[in-house]
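Inspection log for the structure reproduced underneath, given as structure tokens.
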Amino acid sequence: MRQVDYQKELNLSQAEAVRSTEGPYLVIAGAGSGKTRVLVYRVAYLVEKGIRPEEILLLTFTRKAAEEMLKRATSILDERCSKVSGGTFHSFANLILRKYARFLNLSNNFTILDRGDSEDTINLIRAKLGFHKSEKRFPRKGALLDIISKSVNKSESIERIVYAEYPQFMEWQEQIKKIQSEYADYKRLKSLLDYDDLLVYLKKLLTENEELRLKLAGRYKYIMVDEYQDTNKLQAHIVCLLAEQSQNIMVVGDDSQSIYSFRGANFKNIIDFPRIFKHTRIIKLEENYRSTQAILSFTNEIIHQAKDGFDKQLYSHKPGKGLPVYVEARDERAQAEYVAERILELREEGLELNDIAVLFRSGWHSNELEIELSRRNIPFAKYGGQKFVEAAHIKDILSYLRITHNASDHVSWHRLLLLMPGVGPKTAEGIIGEITARKENPLVVAAEDKISRKKPQVSGLFELLKKVDVNANSPADMLELFLEHYQPLLKEKYDDFNKRLNDLDSLIRISGRYKSLEQFLTDMALEPPERSLAEAGKKDRDDGRVTLSTIHSAKGLEWHTVFILYLCEGHIPSYLALEDSDAIEEERRLLYVAATRAKENLFLLKPHLDRSPRSYFDESASVFTRTSRFLDENNILDKFAVTESYTKDALDDMDLDDTKQANLPHDKELREMIKEYFHSDD
């Protein structure tokens, strides 16, 4: 049997974390310090010690991360590691709820709603209640879902969310609460769960069923959580409930990289972990394997000015050529031109475009740069955008499958029927009412009775649905069958249907990996592939491209050279954060995350003039910018960076005709602490 030499493979802090197995541990893993390596080797170490793999639970934020960690652990030790329970919070919740749904009076064949489905459902309720006819501005479905979801994920009231983030809707608070209540009732009646429900119901299961909680806690005796700084209050509560009996829990994360509060992530989860588990040991990973010491000295100083956090000092043995460079450019165009010129120079020096990234706080910050890069024929890829399964035509075809799996799925019926010629919302509601009122199999009934006679254009759909056998047909077989019916509708609905056919082909290829329709639909809802999966071709993979990315999208990645744009007040930090001290601290962490993506070169840019579009014709429309407060503190630029000035007027030298764009616990005190800490969930 293979044995792992942990002392050889790990540094002292990493080895300490790997060998620390009994009791609660908080691993503060600085940027580039080998956090994933610790989790991988700790899985192997636990299994090698004789812990049954099924008793180990590894929770991550993406399925890919969990799969990759367990794959690496398996290659280090043996196949036993592949049997470790690993996955996302939502996939774990789905697994437990499918098995124990009856304890909550839920059906175990519930359908999971994705973002679009949830919006559509809320829109139906909004219209049903007549709020769409309001003379004053009433929040639309997207904003309503955001408010309801944030209330759940932040464990805060609707009133508080609206007051803090949507003050324009203060007069509609009672109506929003009414929609929230109707939305909850509707989902339960139709066996529908959205993303938030998965966590809500899992927490409910654990808090209301002591015997079951103890059973699950007895099964998962060793718990590890990755990226703990990104957990919301619900997720942290679930983890603490599972771990309160054995207390064998290790959470790994970096408080300095907590940047997702807009998604409900709670910075205090990682800060307060030692307060909940009073015997927590803190282990710090401070040796950085990514960046030069010059870059780390700069980033250490940035984060040392933070008002809260665990003190750490990142260091590196990696040699470097120079200090970070601070560049004050004349304006946005000069900022863009400087970046483009430096990219071309670096390319001439032998650096691949793939090794270069330009990071920014908001998506529009790169508009000027995109024009400049296109003008110079420098290929780039901008990150962000629509998810693959959120595309309208993908949601259309998945509706066929959702109805096949759960014939009471009102939302999918509604979407599918509206594709039929001559069927509007009122007609669709009438048909759905007749279908879902039957005790018999609604798919068979629909094909055989008056519905088809009344609306002959839907008879083909019902006949098709009746032919499908979930037990005999694979998801791919079903998709191919449904596509024959859908393609004429696709051509009728979308002018660019030819482009969309490639996405549908990709969906069939993805579905070919599955035997279970339930698993396929679950994965499509919880871990959908990115849209680029369908659109990427050989040319995209072979050609080097500069990466343009928001800082949020860049977290976890690294490049040889990194440019950070708009380092001025109102941009970093964002003007939206200026009156909130906690928000300002998150903006500081954003800058820290951006700067720690760089391995060798770090460029910090600030336009001297912030111009509105008309300012190129009216200089009075320009305003002078102020350097970001994070760079003004403690003379950080004088100590840890070199300064350049780039005053060339990009407008004067630009060919304006050539600017087109390219494309019962053992510890009762602990139990009380958990209950008290998460009291706002109740």
Side-chain angles (χ1 to χ4, degrees), residues 29-36 254 256-257 259 285-304 312-329 335 338-347 349-361 365-366 369 373 378 380-383 544-567 571-572 587-606 628 630-631 636-637 639-644:
S33 63
K35 164 184 67 69
T36 301
D254 184 1
S256 300
Q257 297 188 66
I259 60 173
L285 307 182
E286 297 175 296
E287 182 172 357
N288 178 286
Y289 294 91
R290 175 188 299 152
S291 308
T292 64
Q293 187 59 53
I295 292 173
L296 295 179
S297 295
F298 171 79
T299 58
N300 283 337
E301 187 62 28
I302 289 285
I303 211 63
H304 282 168
K312 56 183 173 297
Q313 187 78 19
L314 296 186
Y315 65 92
S316 173
H317 297 299
K318 184 176 180 178
K321 297 178 181 178
L323 298 172
V325 178
Y326 172 70
V327 181
E328 184 155 307
Q335 176 181 243
Y338 176 88
V339 172
E341 287 181 1
R342 290 298 293 128
I343 287 172
L344 291 176
E345 289 171 7
L346 289 164
R347 184 173 177 272
E349 293 170 10
L351 187 63
E352 296 289 337
L353 295 179
N354 286 334
D355 290 329
I356 303 172
V358 184
L359 307 181
F360 33 85
R361 175 64 177 86
H365 285 170
S366 69
L369 179 60
L373 294 178
I378 301 174
F380 64 88
K382 187 173 181 179
Y383 284 82
R545 291 169 181 259
V546 174
T547 296
L548 308 185
S549 175
T550 61
I551 300 170
H552 288 100
S553 296
K555 184 174 175 291
L557 304 176
E558 59 184 39
W559 294 269
H560 177 281
T561 297
V562 169
F563 297 85
I564 307 176
L565 304 182
Y566 279 101
L567 282 167
H571 296 286
I572 301 181
E587 295 290 308
R588 179 194 304 281
R589 297 192 293 269
L590 264 174
L591 176 55
Y592 175 82
V593 167
T596 53
R597 300 311 95 197
K599 297 180 185 178
E600 302 280 351
N601 298 323
L602 176 61
F603 294 91
L604 312 158
L605 293 106
K606 183 198 84 114
S628 170
F630 307 132
L631 300 183
I636 186 172
L637 291 176
K639 296 177 181 178
F640 302 105
V642 295
T643 300
E644 291 183 10

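The first residue of the sequence shown is numbered 1, and numbering continues consecutively from there. The analysis underlying the following values was restricted to heavy atoms, covering all of them including side chains, and did not include hydrogens, waters or symmetry mates.
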Just wondering, do Phe603 and Glu644 contact through their side chains at under 4.5 Å, heavy atoms? no

So which heavy atom on Glu600 is nearest to which on Thr292, and how close? OE1-CG2, 3.7 Å

Is the shortest heavy-atom distance from the side chain of Ile303 to the side chain of Leu314 under 4.5 Å? no

Quick check on the 6.0 Å ring-centre criterion: do Phe298 and Phe640 meet it? no

Hey, what do you get for OG1 (Thr547) to OH (Tyr383), rounding to the nearest 0.5 Å? 4.5 Å

Looking only at non-hydrogen atoms, find the nearest pair between Leu602 and Ala595 and report the distance. CD2-CB, 3.8 Å

Closest contact, heavy atoms only, Ser316 versus Ser291: OG-O, 2.9 Å

Drop me the distance from Arg589's CZ to Ile551's CD1, to the nearest 0.5 angstrom. 13.0 Å

Please walk me through it: do Leu344 and Glu341 pass side-chain contact (heavy atoms from CB on, under 4.5 Å)? CA-CA 5 Å; Leu344 291 176; Glu341 287 181 1; 5.9 Å; no

Between Lys312 and Ser256 the two heavy atoms that sit nearest each other are NZ-OG, 2.7 Å

From Asn288 atom CG to Thr299 atom OG1, the distance as rounded to the nearest 0.5 Å: 7.5 Å

Check Lys318 against Arg290 and note the closest heavy-atom contact, atom names and distance. NZ-O, 2.7 Å

For Tyr566 and Gln335, which heavy atoms make the closest approach, and how far apart are they? N-OE1, 3.1 Å

Could you check whether any side-chain N or O of Glu286 sits under 3.5 Å from a backbone N or O of Gln313, counting only pairs where one atom can act as donor and the other as acceptor? yes

Please walk me through it: do Leu590 and His552 pass side-chain contact (heavy atoms from CB on, under 4.5 Å)? CA-CA 8 Å; Leu590 264 174; His552 288 100; 3.7 Å; yes

First locate atom OG1 of Thr596, then atom NZ of Lys555, and finally report the distance between them rounded to the nearest 0.5 Å. 9.5 Å

Step by step, work out the side-chain contact (heavy atoms from CB on, under 4.5 Å) result for Ile564 and Leu591. CA-CA 9 Å; Ile564 307 176; Leu591 176 55; 4.1 Å; yes

Chi angles and distances behind the side-chain contact (heavy atoms from CB on, under 4.5 Å) call for Phe563, Ile343: CA-CA 10 Å; Phe563 297 85; Ile343 287 172; 4.0 Å; yes

Main chain of Leu353, side chain of Arg347: is a donor-acceptor contact present, judged purely on distance under 3.5 Å? no

Enter the distance from Leu369:CG to Phe380:CZ here, rounded to the nearest 0.5 Å. 7.5 Å

Evaluate the ring-ring contact (aromatic ring centres under 6.0 Å, His included) criterion for residues His365 and Phe360: first the C-alpha distance (whole Å), next the side-chain angles of each, then the deciding distance (0.1 Å), finally the verdict. CA-CA 6 Å; His365 285 170; Phe360 33 85; 7.0 Å; no

Just verifying a value: how many Å separate Glu352 CD and Arg545 CZ, rounded to the nearest 0.5 Å? 14.0 Å

